[in-house]
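What follows is one structure encoded as structure tokens, with my remarks underneath.
Only heavy atoms go into these numbers, but all of them, side chains included; no hydrogens, no water, no symmetry mates.
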Amino acid sequence: MSNPSVTTRPAADCRYDVVALGEVMLRLDPGDRRIRTTRSFDVWEGGGEYNVARGLRRCFGLRGAIVTALANNDVGRLVEDCMLTGGLDTSWVQWRDFDGIGREVRNGLNFTERGFGVRGAAGVSDRGHTAISQMRPDDVDWDALFSSGVRWLHTGGIFAALSESAADVAEAAMSAARRHGTIVSYDLNFRPSLWKDIGGVDRAREVNRRLARHVDVMIGNEEDFTASLGFEVEGVDENLTDLDTGAFRAMIETAAGEYPNFQVIATTLRGVTSASVNDWGAVAWSRAEGFVEATHRPGLEIFDRVGGGDSFASGLAYGLLELGSLQEAVEYGAAHGALAMTTPGDTTTATLAEVAKLASGGSARVQR
């Protein structure tokens with residue numbers, strides 16, 4: 001089935017349905033405790049770009065690979081073991097020699113509290129001098145990768161913020177993907193902590209506006225489009241207490257006018273009542289189909305919000321790859337994001353059947 005909003009390479013002609021480029025960290029989760037007081041952590045892998053490809057593999061059954069770099073020690077091999085469980089091809093992982101203490105190269109750690117009630121989710125990253133932050137554009141033979149057949153490349157603003165060279169790596173990958181007819185999606189994923197010491201919002205806009213010229217499907221939330229690209233969403237407060245999509249439609253029209261290469265623009269809508277209760281929705285636009293909105297879910301109960309946006313992106317990508325309309329794609333994205341936030345960890349545990357049921361209006365009645 002072809003989707004009118006994007007034209008993708010035939011699956012039969014491709015080795016991969018999706019390739020992700022980004023950092024994969026070890027997530028250490030204290031469960032219902034605090035980072036500062038816990039004595040134990042659960043461990044998962046996670047990363048803004050990786051989570052999307054993993055979701056497309058584990059929930060939606062598509063073929064995927066990850067391009068990343070890791071220090072070759074036991075922590076790196078633990079991350080690899082987690083990624084193998086996620087089902088992605090790891091043959092494009094770049095392994096870097098470990099110096100014994102991590103002075104020159106190391107693996108990223110992400111300590112994350114999921115929050116509860118009035119206590120919001122919180123993350124503490126420990127990712128300086130990581131292996132992938134030191135990648136160079138010619139470390140990967142991009143033409144060899146994309147000439148093997150790739151339908152979709154996903155990367156984003158988290159990876160682009162890791163170092164001075166990361167944006168150049170992303171641009172090399174995105175340019176090669178487009179040369180070979182691969183759709184490029186990009187999640188802006190603005191993280192103030194990553195940009196703080198390398199130029200802040202001004203630098204984020206400079207980098208992301210350059211990379212945006214290579215993007216077919218642009219994804220983000222209201223903060224992302226404002227901080228990373230400079231497009232204001234008028235009349236929306238920081239808590240997004242009013243999810244009227246009119247302001248988002250106006251912003252999307254402005255972005256589409258400035259970037260004629262954008263074929264699809266999608267934004268998640270999240271109103272935060274508390275860490276445990278959010279309003280959740282999404283709006284998308286394409287040149288072929290115009291504006292569509294996902295089912296609005298007020299008062300959605302949240303177990304772990306981290307990774308919800310990534311799961312939206314993977315559901316949206318699945319819809320654009322495999323379903324017949326942008327409306328279906330945004331419904332699958334919003335439903336997948338909602339389901340992913342009901343379980344711990346960055347990555348999805350949902351099934352395609354569960355996403356399809358929720359996207360079509362199904363309830364949470366017990367299944368026996």
Side-chain angles (χ1 to χ4, degrees), residues 48-49 51-52 115 120-123 156-158 160-161 185-196 200-209 211-212 215 217-259 262 264-275 277-286 290-300 302 305-316 326 329-331 333-334 336-338 340-341:
E49 298 81 14
N51 294 342
V52 176
I158 293 176
S185 66
Y186 190 93
D187 193 328
L188 291 162
N189 261 333
F190 179 71
R191 298 291 185 269
S193 60
L194 291 178
W195 294 102
K196 179 180 177 181
V201 170
D202 289 342
R203 178 60 174 162
R205 289 181 181 174
E206 176 189 342
V207 168
N208 284 291
R209 289 177 69 85
L211 296 179
V215 173
V217 179
M218 181 60 83
I219 303 167
N221 62 26
E222 80 292 342
E223 182 185 23
D224 297 330
F225 279 96
T226 299
S228 297
L229 292 180
F231 297 119
E232 297 294 332
V233 184
E234 300 293 340
V236 175
D237 67 23
E238 65 178 4
N239 294 315
L240 259 179
T241 53
D242 181 3
L243 292 185
D244 178 3
T245 60
F248 291 88
R249 289 173 181 249
M251 180 274 293
I252 287 171
E253 287 179 338
T254 301
E258 183 160 340
Y259 293 95
F262 289 175
V264 175
I265 303 172
T267 181
T268 54
L269 309 174
R270 186 194 295 269
V272 180
T273 302
S274 73
V277 177
N278 291 181
D279 294 338
W280 175 251
V283 60
W285 166 94
S286 75
F291 283 98
V292 296
E293 292 183 29
T295 300
H296 180 49
R297 295 181 171 87
L300 182 70
I302 304 293
R305 67 166 283 169
V306 178
D310 301 331
S311 291
F312 167 78
S314 61
L316 179 79
L326 183 62
V330 76
E331 291 286 8
H336 190 219
M341 292 186 289

#### Entry: Residues Phe312, Val330; criterion side-chain contact (heavy atoms from CB on, under 4.5 Å); working and verdict
CA-CA 8 Å; Phe312 167 78; Val330 76; 4.1 Å; yes
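Listed for the Arg205 side chain is a donor-acceptor partner under 3.5 Å among the backbone atoms of Ala227. A donor-acceptor contact shorter than 3.5 Å links the side chain of Asp224 to the backbone of Phe190. Without hydrogens or angle criteria, His296 side chain to Gly281 main chain gives no donor-acceptor distance under 3.5 Å.
Taking each heavy atom of Asn51 and Asp310 in turn, the nearest pair found is ND2-OD2, 2.8 Å. Considering all non-hydrogen atoms of both residues, Asp187 and Gly220 come closest at OD1-CA, 4.1 Å. For the pair Gly299 and Val277, the tightest heavy-atom approach, listed with the atom from each and the gap, is CA-CG1, 3.6 Å. Taking both residues in full, the closest heavy atoms of Gly308 and Trp280 are given as O-CH2, 4.1 Å, listed atom of the first, atom of the second, then distance. Nearest heavy atom pair, residue Trp285 against residue Leu326, reads C-CD2, 3.6 Å. Nearest heavy atoms, Gly157 versus Glu49: N-OE2, 4.3 Å.
In this structure, Phe231 and Tyr259 have perpendicular ring planes: the angle between them is above 60°, well past the 30° mark.
Side-chain contact between Val272 and Arg305 is present, with heavy atoms from C-beta onward closer than 4.5 Å. Residues Val283 and Phe291 form a side-chain contact, since some pair of their non-hydrogen atoms from C-beta on lies under 4.5 Å apart. For the pair Thr267 and Glu222, the minimum side-chain heavy-atom distance is 4.5 Å or more.
Atom CG in Asp279 sits 10.0 Å away from atom CG in Leu269 (nearest 0.5 Å). In this structure, CE on Met218 lies 8.5 Å from CG on Leu211, to the nearest 0.5 angstrom. Annotation: the span from Thr268 atom OG1 to Asn221 atom CG amounts to 5.0 Å, rounded to 0.5 Å. The structure places CD1 of Ile219 at 5.5 Å from CG of Leu316, a figure rounded to the nearest 0.5 Å. In this structure, NE2 on His336 lies 15.0 Å from CD on Glu331, to the nearest 0.5 angstrom. Ile265 CD1 to Glu253 CD: the interatomic distance, rounded to the nearest 0.5 Å, is 9.5 Å.
A salt bridge is defined here as a Lys NZ or Arg NE, NH1 or NH2 lying under 4.0 Å from an Asp or Glu carboxylate O, and Arg270 with Glu223 fails to meet this definition.
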